[in-house]
Amino acid sequence: MLNSLQAQPEDKIIRLIEEFKGDNRRDKIDLGVGVYRDSTGATPIMSAVKKAEKILWNRETTKSYTKIAGDESFRAAIVSLTLGHSSPSDRIASIHTPGGTGAVRQAFELTRLAAPDARVWVSDPSWPNHLSMAKHVGLPIETYRYFDQEARSVDFDGMMRDLASANAGDVLILHGCCHNPTGANLNRSQWLELREQVAAKGIIPLVDIAYQGFGDGIEEDAYGVRTLAEQLPEILIAVSCSKNFGIYRERAGVLIAVAESAKASDLAQATLSHLNRQNFSFPPDHGARLVTMILENEEGLRQEWLHELETIRVSMLDLRARLSAELRQLTGSDRFGFLSSHRGMFSLLGASRTQVLEMRKRAAIYMVSDGRINVAGLNKASVAILAQAMVKAGL
Ligand SMILES: Cc1ncc(COP(=O)(O)O)c(C=O)c1O
């Protein structure tokens, strides 16, 4: 049996991690993988998380299974963090999934059960897993224009024009904030306009929100998803706790399904629980437990976490401003000004594959082949090194 397997396409980010590890140059710079790094290059455990772990260690008396849909208090805390009061609770179903990836995957599985002919609309470009998982699950895929390469901002007209050919019931993947990989995001009036079009056409949004708190702030970053959830009859939301709680390997995420009625939400809840049972049975609990303790503000942990998250957000903004100022000085132009208006960990530099490889070869700077950088991989010193390498590579 195993002899007949066909090789699967390689994941370019996983490959990049391996190549970076294999590079012996001491001054190498990793701008590839999407994890937050502090100024020393470490991905620290947040102090609120560490404190919650200590409390949990003393308190936990069993490692028996939790619930198939995950712990209710965790799901309630995440629904509240993401949606605030924007949807009536009797229309909300949810499951705890292994990370945001698990939530997106379960959203696709749910779509396949409910509407196998629905097309999934993915932004061009997007996080590569959107396309590959939709394909893996067997859903028809369409892409829509998203990024204006010249202006290095959202091509909103192109996006709306492409979405005009979506059918009722098609699923539209949107990044809630901090678009990966472009860093370019919808503004508030664009979210409102998009909502009108989505409502008029009967499109079902699937909002993937993996970076709440990394862009403009914890509440501000939820503006888009809340705006949609307030008025649309149905919406799916894939939430990741990996980045904003720094608990990548704990695999904590939630899929939220807002249904048209309480009755439909009961059916969605039962189906989502069934999907968990079929795919992995009980979700991992440790990370979810920590997130719940923090969000419920045990021993003031919520405030501590918010403060740490804000420090991370501000440090990324600072690196963005420094890089764009450095490039302004080196090039005498403002063509990299977009770096400081983008939000989140990522931006697309506009580098060709050849330029990316040249920077890797000459300066040991690792970024994804499409020119995506993780801004958090920089520090005050490496900003100048990157800027010089970019200019040398002819950017
Ligand atoms: C857009 C987007 N969605 C979802 C995820 C999922 O993250 P995780 O599965 O680690 O929670 C990521 C992580 O890179 C992402 O960038």
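Side chains are part of it too, since the values below use all heavy atoms of this structure and drop only hydrogens, waters and symmetry mates. Start at 1 and go down the list; that is how both ligands and their atoms are numbered. Counting from 1, the numbers follow the sequence of the chain as shown.
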Residue from K51, R59, R289 passing salt bridge (Lys or Arg N to Asp or Glu O under 4.0 Å) with E298: R59
Ring of F147, cation from R152 - is the NZ or CZ under 6.0 Å from the centre and inside 45° of the axis? no
Residues 194-209 side chain polar contacts: donor-acceptor under 3.5 Å, at least two apart:
unit_1 : atom_1 : unit_2 : atom_2 : d
R195   : NH1    : T227   : O      : 2.6
Q197   : NE2    : M160   : O      : 3.0
K201   : NZ     : A164   : O      : 2.7
K201   : NZ     : A166   : O      : 3.3
D208   : OD2    : H130   : NE2    : 2.7

Taking the cut-offs as 6.0 angstrom to the six-membered ring centre and 45 degrees off its axis, would you call K28 and F20 a cation-pi pair? yes
Determine the interplanar angle of the H179 and Y146 rings, folded into 0 to 90°, and report it as parallel if under 30°, tilted if 30 to 60°, perpendicular if over 60°. parallel
Sorted by chain and number, the residues that approach ligand 1 to under 4.0 Å with a heavy atom: G99, G100, T101, W127, N180, D208, A210, Y211, S240, S242, K243, R251
Quick one: sort the W305 and F245 rings into parallel, tilted or perpendicular, breaks at 30° and 60°. parallel
